[in-house]
Amino acid sequence: MVNKNPKVYKKMLENNHSLPYKVRINGTLFEVIVYSMLGKMAGVVVVDPNGLTVDRNTAEQVLIYVQKYSFYFEYLKKRTHVVKERDSITAERVEKVQRILNEKGLFGEKMQLDIDQLNLALEVYKQQQRKLDIYQEDITLLNEKIEAQQEIFEEDWHHAEDLSLAYAIAAYGQSLYLEKTRDIRKKNVKMDANTW
């Protein structure tokens, strides 16, 4: 597997493509070629600057970076497309609920403290969603930068780690606030059912 032309590894009906970026380890830039057949990954070959395959240890080091890249950039990029629309719909619903909750006197004095707490939690939810949107935008921009420069620089890794951590904290905070409102929501639903 060492010092061979990567074309040797291509089988009949397999497609191959190079990743849109190179990985630098100890000053050497490596290219990663992915082989696929019928839409499924069939193998990966790591190539040195001379266009020859590398030894297993070097390939493993490079692939660890590729996996990190996939998590930090690709996963979060794909998540945007999957979750963004759902998040927007949820944010619209939150807005509608808040308009109802802001109608003073609608729920009576007995429920007003709970309603105010629920309204506050929903406001925090929206703020966390705004943060998530900004982090997601930053992740997309960083991904585009890496594709344009065709290499992941050291500062890109640090920036990606920071963004991923900030994103996770904001998402977790958003979940916590929704969880905190669960008891209030259940209580209000029961009270509401009893008043009818």
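In this chain, residues are counted from 1 in sequence order.
Of the inter-residue distances, the one linking Thr28 atom OG1 with Asn50 atom CG reads 10.0 Å to the nearest 0.5 angstrom. Here the CG atom belonging to Leu19 is positioned 10.0 Å from the CD atom belonging to Glu147, to the nearest 0.5 angstrom. Within the model, atoms CG of Asp162 and CG of Leu142 stand 10.5 Å from one another, a figure rounded to the nearest 0.5 Å. Distance CD/Glu60 to CD/Gln67: 10.0 Å, rounded to 0.5 Å. Here CD of Glu137 is found 12.5 Å from CG of Leu132. Values are rounded to the nearest 0.5 Å. Atom CG of Asn143 and atom CG of Leu163 lie 11.5 Å apart (nearest 0.5 Å).
No side-chain heavy atom of Glu151 sits less than 4.5 Å from a side-chain heavy atom of Ile146. Counting only heavy atoms from C-beta outward, the side chains of Thr53 and Val46 never approach each other to under 4.5 Å. Taking the side chain as every heavy atom from C-beta outward, Val66 and Val23 approach each other to under 4.5 Å. Proximity of Val32 to Ser18: side-chain heavy atoms (C-beta onward) are nowhere separated by under 4.5 Å. For the pair Ile25 and Tyr65, the minimum side-chain heavy-atom distance is below 4.5 Å. Counting heavy atoms from C-beta outward, Val44 and Tyr35 have side chains that stay 4.5 Å or more apart.
For the 3.5 Å distance criterion, the side chains of Gln129 and Lys126 fail to qualify, holding no donor opposite an acceptor. Judged purely by distance below 3.5 Å, without hydrogens or angles, the side chains of Gln61 and Asn26 never pair a donor atom with an acceptor atom. Judged purely by distance below 3.5 Å, without hydrogens or angles, the side chains of Asp55 and Thr58 pair a donor atom with an acceptor atom. Counting only N and O atoms by type, the side chains of Gln136 and Tyr167 include a donor and acceptor under 3.5 Å apart.
Ile139 and Phe153 are assigned to two separate hydrophobic clusters, defined by single-linkage of ILVMFWY side chains at heavy-atom distances under 4.5 Å. With hydrophobic clusters built from ILVMFWY side chains whose heavy atoms lie under 4.5 angstrom apart, Trp157 shares a cluster with Tyr21.
When atom types are taken as modelled, the side chain of Glu31 and the backbone of Lys22 share no donor-acceptor pair closer than 3.5 angstrom.
Using a cut-off of 4.0 Å between Lys/Arg side-chain N and Asp/Glu carboxylate O, Lys68 and Glu161 are scored as salt-bridged.
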What's the verdict on side-chain contact (heavy atoms from CB on, under 4.5 Å) for Val54 and Phe30, showing C-alpha distance, side-chain angles and the deciding distance? CA-CA 9 Å; Val54 299; Phe30 296 96; 3.6 Å; yes

